[in-house]
Amino acid sequence: MKKGIIERVNACADYIIETKNTIRETAKKFQVSKSTIHKDIQNRLVEINPEKYKKVNEIFQSHIEIRHIRGGQSTKEKYELKKRET
């Protein structure tokens with residue numbers, strides 16, 4: 001694996017651990033696609049640093065558990081905004 005990729009994978013993992021951000025937010029920060037972040041974390045990080053992978057995976061599992069709540073909040077805010085505009 002190339003040195004640049006290893007550095008990006010570690011930087012993304014550190015960022016996710018520090019901020020607890022989602023794949024989407026991390027992709028915006030590092031200006032790469034969501035697919036790249038997903039592949040970096042799910043495939044490459046396991047080989048590079050299994051300890052970091054466990055930490056990041058726990059964060060992503062918590063995101064999966066609350067995504068239905070966050071989606072509902074976003075929808076609620078969307079319709080409240082529309083109601084105020086009319």
Side-chain angles (χ1 to χ4, degrees):
M1 201 174 314
K2 293 182 180 180
K3 184 179 178 181
I5 293 174
I6 293 172
E7 290 174 359
R8 182 186 68 220
V9 170
N10 280 317
C12 290
D14 291 338
Y15 178 75
I16 291 167
I17 291 168
E18 289 174 19
T19 63
K20 303 206 182 326
N21 279 346
T22 62
I23 289 177
R24 213 173 268 230
E25 293 163 332
T26 304
K28 285 181 186 176
K29 166 76 173 159
F30 288 91
Q31 297 178 341
V32 294
S33 70
K34 294 180 299 183
S35 300
T36 301
I37 297 296
H38 187 69
K39 185 171 185 172
D40 284 352
I41 300 303
Q42 296 299 323
N43 299 338
R44 296 178 177 138
L45 187 60
V46 174
E47 297 172 14
I48 296 170
N49 191 335
E51 306 265 329
K52 273 188 192 178
Y53 171 77
K54 288 179 185 177
K55 291 178 184 176
V56 171
N57 199 38
E58 286 175 16
I59 293 168
F60 285 163
Q61 289 303 315
S62 69
H63 291 166
I64 289 170
E65 290 171 6
I66 64 169
R67 70 179 166 196
H68 67 283
I69 295 169
R70 292 178 70 177
Q73 288 172 339
S74 295
T75 303
K76 180 180 176 182
E77 290 171 10
K78 174 184 169 183
Y79 286 106
E80 285 178 350
L81 181 64
K82 280 186 177 182
K83 199 179 241 185
R84 280 186 246 139
E85 289 175 352
T86 55

Atom pair CD1/CD1 of Ile48 and Ile5 - distance to nearest 0.5 Å: 8.5 Å

Is there a side-chain contact between Asn57 and Gln42 in this structure, where contact means two heavy atoms from C-beta onward sitting under 4.5 Å apart? yes

Find the distance between NZ (Lys28) and OG1 (Thr22) and round it off to the nearest 0.5 Å. 8.0 Å

OG1-OH distance between Thr26 and Tyr15, expressed to the nearest 0.5 angstrom: 6.0 Å

Is a side-chain N or O of Asn49 found less than 3.5 angstrom from the main chain of Leu45, in a donor-acceptor match? no

Quick one: do Lys52 and Asp14 satisfy side-chain contact (heavy atoms from CB on, under 4.5 Å)? Show the steps, please. CA-CA 8 Å; Lys52 273 188 192 178; Asp14 291 338; 2.8 Å; yes

His63 vs Ile59, side-chain contact (heavy atoms from CB on, under 4.5 Å): CA-CA, chis, key distance, verdict: CA-CA 6 Å; His63 291 166; Ile59 293 168; 3.6 Å; yes

Drop me the distance from Ile17's CD1 to Cys12's SG, to the nearest 0.5 angstrom. 11.0 Å

Atom CD of Gln31: over 12 foreign heavy atoms under 6.0 Å: no

Let me check something: do Met1 and Ile41 share a hydrophobic cluster, defined by ILVMFWY side-chain heavy atoms less than 4.5 Å apart, either directly or through other members? yes

Rounded to the nearest 0.5 Å, the CD atom of Gln73 sits from the CD atom of Glu80 at a distance of 11.0 Å

side-chain contact (heavy atoms from CB on, under 4.5 Å) evaluation trace for Thr19 with Lys29: CA-CA 11 Å; Thr19 63; Lys29 166 76 173 159; over 6 Å; no

Quick check: do Arg8 and Arg44 have side-chain heavy atoms less than 4.5 Å from each other? yes

Rounded to the nearest 0.5 Å, what's the gap from CD1 on Ile23 to CD1 on Ile37? Could you check? 8.0 Å

Could you check if a side-chain atom of Ile64 sits within less than 4.5 angstrom of a side-chain atom of Gln61, using non-hydrogen atoms only? yes

